[in-house]
Participant: 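I'd like to ask you about the structure that follows.
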Amino acid sequence: MQTIDSDPPIHFIQNIIAEDLKTGKYDGRVHTRFPPEPNGYLHIGHAKSICLNFGLASRYSGKCNLRFDDTNPSKEAEEYVRAIEEDVRWLGFDWDDRLYYASENFDQLYEFAVRLIKKGKAYVDALSPEQIRAYRGTLSEPGRDSPHRDKSVEENLDLFQRMRVGEFAEGEKVLRAKIDMASGNLNLRDPVMYRILKSPHHRTGDKWCIYPMYDFTHGQSDSLERITHSLCTLEFEDHRPLYDWFLNELNIYRPQQIEFARLNLNYTVLSKRKLLQLVEEKHVSGWSDPRMPTLSGMRRRGYPPEAIRDFCERVGVSKSNSTVDFALLEHCVRDNLNRTALRAMVVVRPLKVVIENYPEDHAEELTAENNPEDSTAGSRKIFFSRTLYIERDDFMENPPAKFFRLVPGKEVRLKYAYIIKCERVIKDENTGDVIELRCTYDPETKSGHSHASRKVKGTLHWLATTHAEPVEVRLYDHLFRNENPTADEKEYPDLQSSLNPDSLESIRGAFMEPFLKTAASGDRFQFLRMGYFCVDNESSAPGAPVFNRTVTLRDTWAKIAKKSPRRR
RNA sequence: UGGGGCGUCGUCAAGUGGCUAAGACACAGGAUUUUGAUUCCUGCAUUCGGAGGUUCGAGUCCUCCCGCCCCAGCCA
């Protein structure tokens, strides 16, 4: 179990719990739960709920259960159960032996239903789904009672029993609560409690052909688990009176439901339907595509779980619908990685440089820091030679003002090595493309030497051609081109048109420091001046890592360059 | 036009009638820097959706108005 970092901000739910603790409302207990439906993968929005529920339990020395709300076998699968468990654990939380399934309560729920029938509070309806909808009325008009509403208890008991043994077809009958067809709250207009579903369940197999609705399951499951604070999202606010009605009629333990606003993030979508669509229409490689806001996608992208927890803490908890800036998440990721990631030099788009006054066949050993932010991280050896690679973007023949990288006739420092000067530019005769730079170095400026005090404006990362290994790197960007992918229906009528065509750039011609060959799946690094990268856990092979860019470094130059567009 | 919620800085978000309306991200300047990174300073709401009212005093209380979100699955 993770420990709560520093001082988590206070929010309204904490205030409620603190008050309940003071008044002894639940004998000092705090017991929460995270209740996903196993019909999809967990995303960053779920992370907020997970951190809230597990975090609160941990903070108040309480408990938090993991419960699968698996009441709809036609949509749920074991695959999702496993993925969800893995993601919650990866995020850093542990439910000990408190793993539950709503389906474990099916017998109990059936008994609850029978109890309500006996009290005259539930009845079997034979209306079709269309008729039920018509009878329900509208937002501004009351509904009408079903003609089957006033059958006798005996008849309802008999019918419900026959539903259970499979005498009726799907859709032929349902069990409904008898509440109030004129209620302003639609949830109270005789909601369906049980429906016939002739599909096998991933946990209970063929035992049942009737399944309880979520609304008839969730509140009672919380009750049976003795949950004290049942946290859920805003849209369930109008379901609360219904849950309370069931609990009250059944006369069983009543947890306190508290609603909070779900997380929204710009430049992405967080609805299961849309995420599923991205996967099914193959706009991404799967649920764990590094561009997906799923926890498995973020894990593969290289986001540390600590950073996600930090983010969830920083976004706060309230009741107002809000959209958090993706930049906050990226800030949390950089903040963590800056402290923890080992540095390395990787040239993503290489440009060859020959140091004309450096001896041939000479390789010089230099020292590089593994992490300047961590004095215990140590250092490593890197090699310098007559031919080098530098980043193509670090050279400009006709630079704009304030460009302080390499330019013809000017100097620049190579990190941990020497100051070099660009003497000549060699171009391809046909295309005019720059293909090589001829430079000279100043032997007096070796890194670490006292005469190395001469200052130059720019410092570049580089690799000796003799000590560079080819590598594939994948550069990721936002999956969507606009802040709110679902807002502008005119400009972006469908998901497809709102996708960012440049969200993935795969580069095979990059070079890395040789030690990176042994990097293990999931290892994270800062490639100097390029960003944070993580060894892809799906396409890397032993000795041949593929790197995913987690996030770029903050880039002040890119901002300046963007403001005053210039040719290369 | 029914019911339930929400409106405090570009984005989140504290604030529970009384010192100058926290903090974070973003943004803008500046310092340090062999990563244009990091770090460090500085700036960034005379005003809390609007209008009235109560009060010595209101973002906080009252009234009216405006705007936004959710609900008419045998989904969760």
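Just so we're on the same page: letters track the sequence lines, and every chain starts at 1. Hydrogens, waters and symmetry mates play no part in the numbers below; they use all other heavy atoms, side chains included.
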Participant: What is the distance from CD of A/Glu130 to P of B/A72, rounded to the nearest Å?
Facilitator: 16 Å
Participant: With a 4.0 Å cut-off on heavy atoms, is A/Ser183 in touch with a base, just the backbone sugar-phosphate, or nothing at all?
Facilitator: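 Touches nothing.
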Participant: With a cut-off of less than 4.0 Å, is there a side-chain N or O of A/Lys272 near OP1 or OP2 of B/A76?
Facilitator: no
Participant: When all nucleic acid strands are considered with a 4.0 Å heavy-atom cut-off, which category describes A/Asn321: base, sugar-phosphate, or nothing?
Facilitator: sugar-phosphate
Participant: I want to verify a distance call: between B/G5, B/U34, B/C12, whose nearest atom is closest to the A/Lys455 side chain?
Facilitator: B/U34
Participant: Scan A/Ser128 against the nucleic acid and name what it touches under 4.0 Å (heavy atoms): base, sugar-phosphate only, or nothing.
Facilitator: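 Result for A/Ser128 = base.
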Participant: To the side chain of A/Trp557, which of B/G73, B/G36, B/U35 is closest?
Facilitator: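 Of B/G73, B/G36, B/U35, B/G36 is nearest to the side chain of A/Trp557.
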Participant: For A/Met530, which contact category applies under a 4.0 Å heavy-atom criterion: base, sugar-phosphate, or nothing?
Facilitator: nothing
Participant: Mind checking the C1' distance from B/U60 to B/C41? Whole angstroms is fine.
Facilitator: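 These two C1' atoms come out 35 Å apart once rounded.
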Participant: I need the residues from residues 261-269 of chain A with at least one non-hydrogen atom less than 4.0 Å from RNA chain B; give them sorted by number, or say none.
Facilitator: none
Participant: Give the rounded distance in Å between these two atoms: NE2 of A/His331 and P of B/A24.
Facilitator: 10 Å
Participant: Is the positively charged end of A/Arg164 above the ring of A/Tyr110, judged by distance under 6.0 angstrom from the centroid and angle within 45° of the axis?
Facilitator: yes
Participant: Would you call A/Asp335 and A/Arg339 a salt bridge, using N to O less than 4.0 angstrom?
Facilitator: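 Salt bridge present between A/Asp335 and A/Arg339.
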Participant: May I have the distance from A/Leu270 (atom CG) to B/C12 (atom P), rounded to whole angstrom?
Facilitator: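 My rounded result for the distance is 14 Å.
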Participant: Reckon A/Lys319 touches a base, only the sugar-phosphate, or nothing at all at heavy-atom distances under 4.0 Å?
Facilitator: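 Contact class for A/Lys319: sugar-phosphate only.
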Participant: Out of B/G2, B/A37, B/C75, which has the shortest distance to the side chain of A/Met213?
Facilitator: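 Of B/G2, B/A37, B/C75, B/C75 is nearest to the side chain of A/Met213.
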Participant: Considering only the P atoms, how many Å lie between B/U8 and B/G49, rounded to the nearest integer?
Facilitator: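 Going atom to atom, P in each nucleotide, I get 6 Å.
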Participant: For the pair made of CZ in A/Phe260 and P in B/C12, what is the distance, rounded to whole Å?
Facilitator: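 Answer to the nearest Å: 17 Å.
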Participant: Salt-bridge test for A/Arg262 and A/Glu235: reply yes if a basic N is under 4.0 Å from a carboxylate O, no otherwise.
Facilitator: yes
Participant: Taking the same atom, C1', in B/C27 and in B/U54, what whole-Å distance lies between them?
Facilitator: 41 Å
Participant: So which nucleotide from B/A37, B/C6, B/A76 ends up closest to the side chain of A/Leu553?
Facilitator: B/A37
Participant: Using a cut-off of 4.0 Å on non-hydrogen atoms, how would the nucleic acid contact of A/Asn15 be classed: base, sugar-phosphate, or nothing?
Facilitator: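 If one applies the 4.0 Å heavy-atom cut-off, A/Asn15 turns out to touch a base.
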Participant: Mind calculating the distance between NZ (A/Lys559) and P (B/A28) to the nearest angstrom?
Facilitator: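 One finds 5 Å between P of B/A28 and NZ of A/Lys559, rounded.
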Participant: Between B/A76, B/C6, B/A37, spot the one nearest the side chain of A/Asn72, thanks.
Facilitator: B/A76
Participant: At under 4.0 Å between heavy atoms, what does A/Lys402 touch on the DNA or RNA strands: base, sugar-phosphate, or nothing?
Facilitator: base
Participant: Please report the distance separating the P of B/G17 from the corresponding atom of B/A76, rounded so that it comes out in whole Å.
Facilitator: 43 Å
Participant: When you measure from the side chain of A/His11, which nucleotide among B/A13, B/G36, B/A14 comes out closest?
Facilitator: B/A14
Participant: Answer yes when A/Glu411 and A/Lys457 have at least one side-chain N-carboxylate O distance shorter than 4.0 Å, and no when they do not.
Facilitator: no
Participant: Among the nucleotides B/U1, B/A24, B/A72, which one has an atom lying closest to any side-chain atom of A/Leu328?
Facilitator: B/A24
Participant: Indicate yes or no: does A/Glu364 engage A/Lys446 in a salt bridge with an N to O separation below 4.0 Å.
Facilitator: yes
Participant: Roughly, in whole Å, what's the span from CD in A/Gln131 to C1' in B/A72?
Facilitator: 16 Å
Participant: Answer with base, sugar-phosphate or nothing: what part of the nucleic acid does A/His218 contact at a heavy-atom distance below 4.0 Å?
Facilitator: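 Nothing: the residue A/His218, judged by heavy atoms under 4.0 Å, touches no strand.
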Participant: Heavy atoms from C-beta onward define the side chain here; which of B/G36, B/A13, B/C74 lies closest to that of A/Ser318?
Facilitator: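 Comparing B/G36, B/A13, B/C74 against the side chain of A/Ser318, the answer is B/A13.
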Participant: Any ion pair linking A/Glu513 and A/Arg380 (charged N to carboxylate O, less than 4.0 Å)?
Facilitator: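 Result for this pair is yes, salt bridge flagged.
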Participant: Could you state the atom-to-atom distance from CD1 of A/Ile382 to P of B/U35 in whole Å?
Facilitator: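 One finds 13 Å between P of B/U35 and CD1 of A/Ile382, rounded.
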Participant: Just confirming the chi classification of B/G73, syn or anti, using 90° around 0 as the syn window.
Facilitator: syn
Participant: Think A/Lys151 forms a cation-pi with A/Tyr123, using NZ or CZ under 6.0 Å from the six-ring centre and within 45 degrees of its axis?
Facilitator: no
Participant: Quick check for you: among B/G2, B/A76, B/C25, whose closest atom lies nearest to any side-chain atom of A/Tyr214?
Facilitator: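 Among B/G2, B/A76, B/C25, the one nearest the side chain of A/Tyr214 is B/A76.
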Participant: Would you indicate what A/Val317 reaches in the nucleic acid, counting non-hydrogen atoms under 4.0 angstrom: base, sugar-phosphate, or nothing?
Facilitator: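 Sugar-phosphate, backbone atoms only, no base.
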Participant: Counting side-chain heavy atoms from C-beta on, which of B/G3, B/A76, B/U34 comes nearest to A/Arg413?
Facilitator: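 Nearest nucleotide to the side chain: B/U34.
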Participant: If you measure from the P atom in B/A24 to the same atom in B/G3, how many Å do you get, rounded?
Facilitator: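 Result for the P pair: 43 Å, nearest Å.
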Participant: Is the shortest side-chain N to carboxylate O distance from A/Arg33 to A/Asp222 below 4.0 Å?
Facilitator: yes
Participant: Mind checking A/Pro142 for me? I need base, sugar-phosphate or nothing, with any heavy atom below 4.0 Å counting as a touch.
Facilitator: nothing
Participant: To the nearest Å, give me how far apart CZ (A/Arg334) and C1' (B/A24) are.
Facilitator: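 Rounded to the whole Å, the gap is 15 Å.
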Participant: Given B/A76, is OP1 or OP2 found less than 4.0 Å from the side-chain N or O atoms of A/Thr217?
Facilitator: no
Participant: Using the C1' atom on both, measure B/C25 against B/U20 and round to a whole Å.
Facilitator: 24 Å
Participant: Do A/Asp442 and A/Arg454 sit within salt-bridge range, that is, some charged N less than 4.0 Å from a carboxylate O?
Facilitator: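 Yes, A/Asp442 and A/Arg454 are salt-bridged.
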Participant: Name the nucleic acid region contacted by A/Phe404, choosing base, sugar-phosphate or nothing; use a 4.0 angstrom heavy-atom cut-off, strictly under.
Facilitator: base
Participant: Indicate yes or no: does A/Asp310 engage A/Arg314 in a salt bridge with an N to O separation below 4.0 Å.
Facilitator: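 Counted as a salt bridge, because a side-chain N and a carboxylate O are separated by less than 4.0 Å.
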Participant: Looking at every strand, decide which applies to A/Leu127 at a 4.0 Å heavy-atom threshold: base, sugar-phosphate, or nothing.
Facilitator: base
Participant: Give one of base, sugar-phosphate or nothing for A/Tyr416, where a contact means two heavy atoms less than 4.0 Å apart.
Facilitator: base
Participant: Heavy atoms under 4.0 Å, any strand shown: does A/Val192 hit a base, just sugar-phosphate, or nothing?
Facilitator: sugar-phosphate
Participant: Any cation-pi pair here, A/Arg67 with A/Tyr100, using under 6.0 Å and within 45°?
Facilitator: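 Output no; distance or angle outside limits.
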